[in-house]
**Student:** 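Sending over a structure as structure tokens; questions will come in a sec.
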2 protein chains.
Amino acid sequence: MFDIANDSPTGASLSAAIAAQVRVRRTQRGLSAAELARQAGLSKATVSALEAGRANPTVDTLDAVALALRIPLTDLLTRGTDPGPVLLRGTAMPDEGPAREMLRRIGGGRSVELWRLRLPPRTQVDGVAHSPGTTEILLVADGSVTAGPAAEPAELSAGDLLAFAGDQAHLYRSGGDPAEVAMLIASPVPGTS
Amino acid sequence: MFDIANDSPTGASLSAAIAAQVRVRRTQRGLSAAELARQAGLSKATVSALEAGRANPTVDTLDAVALALRIPLTDLLTRGTDPGPVLLRGTAMPDEGPAREMLRRIGGGRSVELWRLRLPPRTQVDGVAHSPGTTEILLVADGSVTAGPAAEPAELSAGDLLAFAGDQAHLYRSGGDPAEVAMLIASPVPGTS
DNA sequence: AACATTCGTTCACTATATCGAACCACTGTC
DNA sequence: GACAGTGGTTCGATATAGTGAACGAATGTT
């Protein structure tokens with residue numbers, strides 16, 4: 001069965017992520033912790049605990065911090081994601097009721113390209129390795145293809161979905177029939193870091 | 001001057017926004033408040049207060065709720081819904097040779113989520129309006145669906161691709177057969193400008 | 001040198017977010 | 001009817017997030 005990777009593993013790592021975010025964005029802005037506390041209308045103790053990762057702040061305090069840092073609230077909650085490939089077969093979902101499940105979130109600062117790839121029978125296309133951090137997502141619309149990292153390609157048929165890191169050698173190869181694939185390339189924008 | 005538009009106008013409305021989000025996403029998932037509390041490991045009182053908009057939850061509780069709802073934590077904090085319809089219909093590819101064609105490029109500074117949506121026959125799911133600037137891309141893997149902006153949905157069948165602005169009311173509705181849709185949500189990261 | 005600021009942490013106290021239980025409304029089921 | 005189960009709200013009790021003050025350490029000022 002498919003264990004869909006949720007990027008929220010533990011609550012503990014959440015406060016750690018918040019701590020890192022706050023500290024980074026604060027120093028980026030050239031603020032001292034005391035000054036941040038002042039501008040946010042919080043006590044120094046709160047900010048100190050926040051950045052030490054031993055806090056479980058309320059949304060109000062987080063909002064105050066975000067406002068003082070001039071960043072959107074959600075930016076403080078982005079956790080580091082370093083996923084492996086996601087392979088989703090056509091029948092992976094449970095049977096009952098309507099279902100909507102997130103398979104993967106790709107961090108901010110991305111440029112997204114949407115491609116459509118058509119392969120005549122028995123054709124192979126070698127994908128160029130993109131810049132580090134690039135994620136490719138394939139959705140097989142018709143036919144069947146062998147695609148993915150060159151080291152470990154996957155057999156896909158219509159309805160299958162594959163997400164993998166695009167910063168390595170990869171390929172798309174059709175079988176006996178023509179194949180159509182929707183491809184999405186999410187690459188990091190070089191400037192945001 | 002550049003006052004970075006924080007999507008948190010007032011601190012008070014924040015809890016209201018969270019309340020609305022939680023309630024909508026919960027009913028969408030067909031959960032009762034009691035069941036949500038159970039799955040999230042919270043007390044019914046907490047969930048009740050949350051949905052009543054008279055709570056200032058900690059990130060841990062919010063995270064628990066988001067996890068139980070199978071949605072990213074930040075989705076509970078998004079607020080503001082603006083229109084701006086854009087529709088792109090993926091049609092047939094040319095016939096000869098291998099082809100790789102870029103259909104659309106979405107500007108940088110995006111966060112990308114990959115979802116899978118499964119619809120039993122004759123089922124409608126109302127999509128929650130995402131933050132402004134969000135783009136949704138649907139690829140119908142199986143069956144046929146009527147999807148898109150609520151004001152102007154499109155008829156899609158297997159292999160069809162639809163991209164539209166997700167920051168408005170939208171829907172996914174299946175016909176007589178069950179449908180499977182891969183859904184991609186590209187949302188702007190407001191910190192980058 | 002002594003003094004004044006500012007920074008960041010730690011501590012007891014207060015405010016409050018969460019819990020557990022009680023409660024009422026509603027829906028079956030016998 | 002009585003009864004058991006679920007859903008949602010309200011209310012004290014409790015755990016804890018936040019505060020305010022004190023502290024040592026740096027740094028600058030006279």
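Just so we're on the same page: letters track the sequence lines, and every chain starts at 1.
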**Student:** Taking 4.0 Å as the cut-off, does a side-chain nitrogen or oxygen of A:Ser32 come that near to OP1 or OP2 on C:dC7?
**Tutor:** yes

**Student:** So, for B:Leu171 and B:Thr146, which heavy atoms are closest and what is the spacing to 0.1 Å?
**Tutor:** CD1-O, 3.4 Å

**Student:** Would you name the heavy atoms of B:Val22 and B:Glu51 that are closest together and state the gap between them?
**Tutor:** CG1-OE2, 3.5 Å

**Student:** At what distance, to the nearest 0.5 angstrom, does CZ of A:Arg173 lie from CG of A:Asp126?
**Tutor:** 9.0 Å

**Student:** Provide a list of protein-nucleic acid N or O atom pairs under 3.5 angstrom, restricted to nucleotides 18-22 of chain C.
**Tutor:**
{"unit_1": "C:dT18", "atom_1": "OP1", "unit_2": "B:Thr58", "atom_2": "N", "d": "3.0"}
{"unit_1": "C:dT18", "atom_1": "OP1", "unit_2": "B:Thr58", "atom_2": "OG1", "d": "3.3"}
{"unit_1": "C:dT18", "atom_1": "OP1", "unit_2": "B:Thr61", "atom_2": "OG1", "d": "2.7"}
{"unit_1": "C:dC19", "atom_1": "OP2", "unit_2": "B:Ser43", "atom_2": "N", "d": "3.0"}
{"unit_1": "C:dC19", "atom_1": "OP2", "unit_2": "B:Ser43", "atom_2": "OG", "d": "3.0"}
{"unit_1": "C:dC19", "atom_1": "OP2", "unit_2": "B:Thr46", "atom_2": "OG1", "d": "2.5"}

**Student:** Check the distance between D:dG18's P and A:Arg54's CZ and give it to me in whole angstrom.
**Tutor:** 13 Å

**Student:** Roughly, in whole Å, what's the span from CD in B:Glu51 to C1' in C:dA17?
**Tutor:** 17 Å

**Student:** Would you indicate, yes or no, if C:dT9 has its OP1 or OP2 atom less than 4.0 angstrom from a side-chain nitrogen or oxygen of A:Ser48?
**Tutor:** yes

**Student:** Can you list the steps and then say if A:Leu73 with A:Leu67 is a side-chain contact (heavy atoms from CB on, under 4.5 Å)?
**Tutor:** CA-CA 8 Å; A:Leu73 170 56; A:Leu67 194 63; over 6 Å; no

**Student:** I need the minimum non-hydrogen distance between A:Pro121 and A:Ser174, along with the two atoms involved.
**Tutor:** C-OG, 3.4 Å

**Student:** For B:Leu36 and D:dG7, what is the distance between atoms CG and C1' respectively, to the nearest whole Å?
**Tutor:** 13 Å

**Student:** So how far is it from B:Ser32 OG to B:Gln39 CD, rounded to the nearest 0.5 Å?
**Tutor:** 9.0 Å

**Student:** Is the phosphate of D:dT6, meaning OP1 or OP2, less than 4.0 Å from a side-chain N or O of B:Arg38?
**Tutor:** no

